A.B. asks: 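Take a look at this one; I'll ask things after.
FYI, side chains are in, hydrogens and waters are out, and symmetry mates aren't considered; it's all heavy atoms of this structure. Values in this document were obtained by computation on a predicted structure and should not be read as measured data.
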Amino acid sequence: MLLRGIISSPLPSLRLRLKPKPETRNVVVSSQTPTNTKPYPLSISDEALESRGFVLRRSADGLNLDDLNGVFVAVGFPKRDPEKIRVALENTESLLWVEYLRTRRPVAFARATGDGVFNAIIWDVVVDPSFQGVGLGKAVMERMISELLEKGIVNIALYSEPRVLGFYRPLGFVADPDGIRGMVFSRKNKKNKNK
């Protein structure tokens with residue numbers, strides 16, 4: 001499902017609670033904003049996050065990939081090869097993660113890839129289940145959207161499981177705008193008709 005929308009006003013506080021997933025399905029979501037918009041509003045400042053013991057990081061410097069992989073697994077993603085994570089991060093246009101100062105570990109993460117001009121896709125939006133509901137996912141997404149908009153990127157998409165679409169809608173994302181549907185390549189349904 002493709003989500004797209006115009007991002008405008010400050011957002012209400014959100015509480016995201018992930019439950020064990022019965023089945024995995026991907027939904028494509030998108031946000032499209034005119035280039036002459038005001039800065040994207042932030043619901044919490046970097047200083048306020050730091051006063052709570054969290055620091056926002058905008059590069060992979062200091063990011064322990066095994067700890068990040070632990071967050072991926074904790075939210076239900078499959079365990080990933082750390083070398084492949086490293087390569088993915090090298091090919092990432094924008095990256096944000098939240099470090100919990102007490103443990104020096106990542107507790108929230110998101111990244112975006114794209115052409116750097118027109119289009120971006122946000123990937124791997126995760127918050128450690130122990131830290132969900134305190135606004136870290138929202139803080140990461142607001143800053144990711146803001147960074148992409150500042151670059152002039154107006155078509156922002158992401159993949160989401162249907163159970164967390166409610167988290168993205170208040171951020172400006174909508175499903176199937178103008179009847180647009182996303183598609184992904186799948187080997188599962190591909191049949192060799194030449195046999």
A.B. asks: Which pairs would a plain distance check flag for residues 104-113, meaning a side-chain donor or acceptor within less than 3.5 Å of a matching protein atom at least two apart in sequence or in another chain?
C.D. replies:
residue	atom	partner	partner atom	Å
Arg111	NE	Asp124	OD2	2.8
Arg111	NH1	Thr92	OG1	2.9
Thr113	OG1	Trp123	NE1	2.8

A.B. asks: Which is it for Leu49 and Leu56 under the side chain to side chain contact (heavy atoms under 4.5 Å, CB included) test, yes or no, and what are the steps along the way?
C.D. replies: CA-CA 8 Å; Leu49 283 168; Leu56 274 152; 3.4 Å; yes
A.B. asks: Check the hydrophobic clustering (I, L, V, M, F, W, Y; side-chain heavy atoms under 4.5 Å; chains of links allowed) and say if Ile44 and Val55 are grouped together.
C.D. replies: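 Cluster IDs for Ile44 and Val55 differ.
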A.B. asks: Give the C-alpha distance, both sets of side-chain angles, the deciding distance and a yes or no for side chain to side chain contact (heavy atoms under 4.5 Å, CB included) between Arg80 and Leu65.
C.D. replies: CA-CA 10 Å; Arg80 299 173 177 180; Leu65 300 185; over 6 Å; no
A.B. asks: Look at the side-chain heavy atoms of Ile, Leu, Val, Met, Phe, Trp and Tyr, link any pair under 4.5 Å apart, and say whether Leu101 and Leu68 land in one connected group.
C.D. replies: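 No, it is not one cluster - the side chains of Leu101 and Leu68 are not joined through contacts under 4.5 Å.
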A.B. asks: Hey, quick one: are Val73 and Val164 part of the same hydrophobic cluster, counting side-chain heavy atoms closer than 4.5 Å, chains of contacts allowed?
C.D. replies: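 No, no single cluster joins them.
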A.B. asks: Taking only residues two or more places apart in sequence, or in another chain, which ones meet Asn91 in a side-chain contact (heavy atoms from CB on, under 4.5 Å)?
C.D. replies: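 Testing Asn91 for side-chain contact (heavy atoms from CB on, under 4.5 Å), a comparison that skips the adjacent residues, returns Val87.
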A.B. asks: Verify, without hydrogens or angle tests, whether Arg86 (side chain) and Pro82 (backbone) share a donor-acceptor contact under 3.5 angstrom.
C.D. replies: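 No; zero donor-acceptor contacts below 3.5 Å.
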A.B. asks: State, yes or no, whether a side-chain contact exists between Val125 and Tyr168 at a heavy-atom distance under 4.5 Å.
C.D. replies: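 Yes, at least one pair of side-chain atoms sits under 4.5 Å.
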A.B. asks: Determine whether a donor-acceptor pair (N or O, by modelled atom type, separation under 3.5 Å) exists between the side chain of Ser51 and the backbone of Ala48.
C.D. replies: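 Yes; judged by distance alone, with no hydrogens or angles, the pair exists.
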A.B. asks: Answer yes when Lys151 and Glu147 have at least one side-chain N-carboxylate O distance shorter than 4.0 Å, and no when they do not.
C.D. replies: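 Salt bridge between Lys151 and Glu147, a charged N being under 4.0 Å from a carboxylate O: yes.
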A.B. asks: What is the distance from atom CG of Leu171 to atom OG of Ser43, rounded to the nearest 0.5 Å?
C.D. replies: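 Result: 8.5 Å between the selected atoms.
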A.B. asks: Any idea which heavy atoms bring Arg52 and Val134 closest together, and the distance?
C.D. replies: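 Shortest heavy-atom separation between Arg52 and Val134 comes out as NH1-O, 3.4 Å.
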A.B. asks: Closest approach of Gly116 and Glu93, non-hydrogen atoms and distance?
C.D. replies: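 Where Gly116 meets Glu93 most closely, the heavy atoms are CA-OE2, 3.2 Å.
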A.B. asks: With hydrophobic residues grouped by side-chain heavy-atom distances under 4.5 Å, do Leu136 and Leu42 end up in a single group?
C.D. replies: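 In one cluster: no.
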A.B. asks: Between CG of Asn155 and CG of Leu148, what distance do you get to the nearest 0.5 Å?
C.D. replies: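 So the CG of Asn155 and the CG of Leu148 are separated by 11.0 Å.
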A.B. asks: Distance check, rounded to the nearest 0.5 Å: Ile156 atom CD1 versus Asn119 atom CG?
C.D. replies: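 Ile156 atom CD1 to Asn119 atom CG measures 10.0 Å (nearest 0.5 Å).
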A.B. asks: Answer yes or no: is there a side-chain heavy-atom contact under 4.5 Å between Leu158 and Met141?
C.D. replies: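 The answer is yes, as the side chains (C-beta and beyond) meet within the 4.5 Å cut-off.
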A.B. asks: With sequence neighbours excluded, what pairs up with Asp61 under the side-chain hydrogen bond (donor to acceptor under 3.5 Å, both in side chains) test?
C.D. replies: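 Asp61 satisfies side-chain hydrogen bond (donor to acceptor under 3.5 Å, both in side chains) with Ser59 once adjacent residues are dropped.
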A.B. asks: Hey, any chance Val184 and Ile121 share a hydrophobic cluster, counting ILVMFWY side chains that come within less than 4.5 Å of each other, even indirectly?
C.D. replies: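 Yes; Ile121 is reachable from Val184 via cluster members.
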A.B. asks: I need the minimum non-hydrogen distance between Arg58 and Leu96, along with the two atoms involved.
C.D. replies: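 Shortest heavy-atom separation between Arg58 and Leu96 comes out as CG-CD2, 3.2 Å.
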A.B. asks: Counting distance only, does the side-chain N/O of Glu99 pair as donor-acceptor with the main-chain N or O of Arg57 below 3.5 Å?
C.D. replies: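 Checked: no pair found.
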A.B. asks: Taking the side chain as every heavy atom from C-beta outward, state whether Asp128 and Tyr100 have any atom pair closer than 4.5 Å.
C.D. replies: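 Sidechains of Tyr100 and Asp128: no contact.
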A.B. asks: Working to the nearest 0.5 Å, report the span between OG of Ser160 and CZ of Arg169.
C.D. replies: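 That separation rounds to 9.0 Å.
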A.B. asks: Could you go through Leu63 and Leu89, starting from their C-alpha distance and side-chain angles, then the distance that decides it, and tell me whether this counts as side chain to side chain contact (heavy atoms under 4.5 Å, CB included)?
C.D. replies: CA-CA 10 Å; Leu63 179 59; Leu89 296 182; 4.0 Å; yes
A.B. asks: Please state whether the rings of Phe77 and Phe72 are parallel, tilted or perpendicular, taking 30° and 60° as the class boundaries.
C.D. replies: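 Ring orientation of Phe77 relative to Phe72: parallel.
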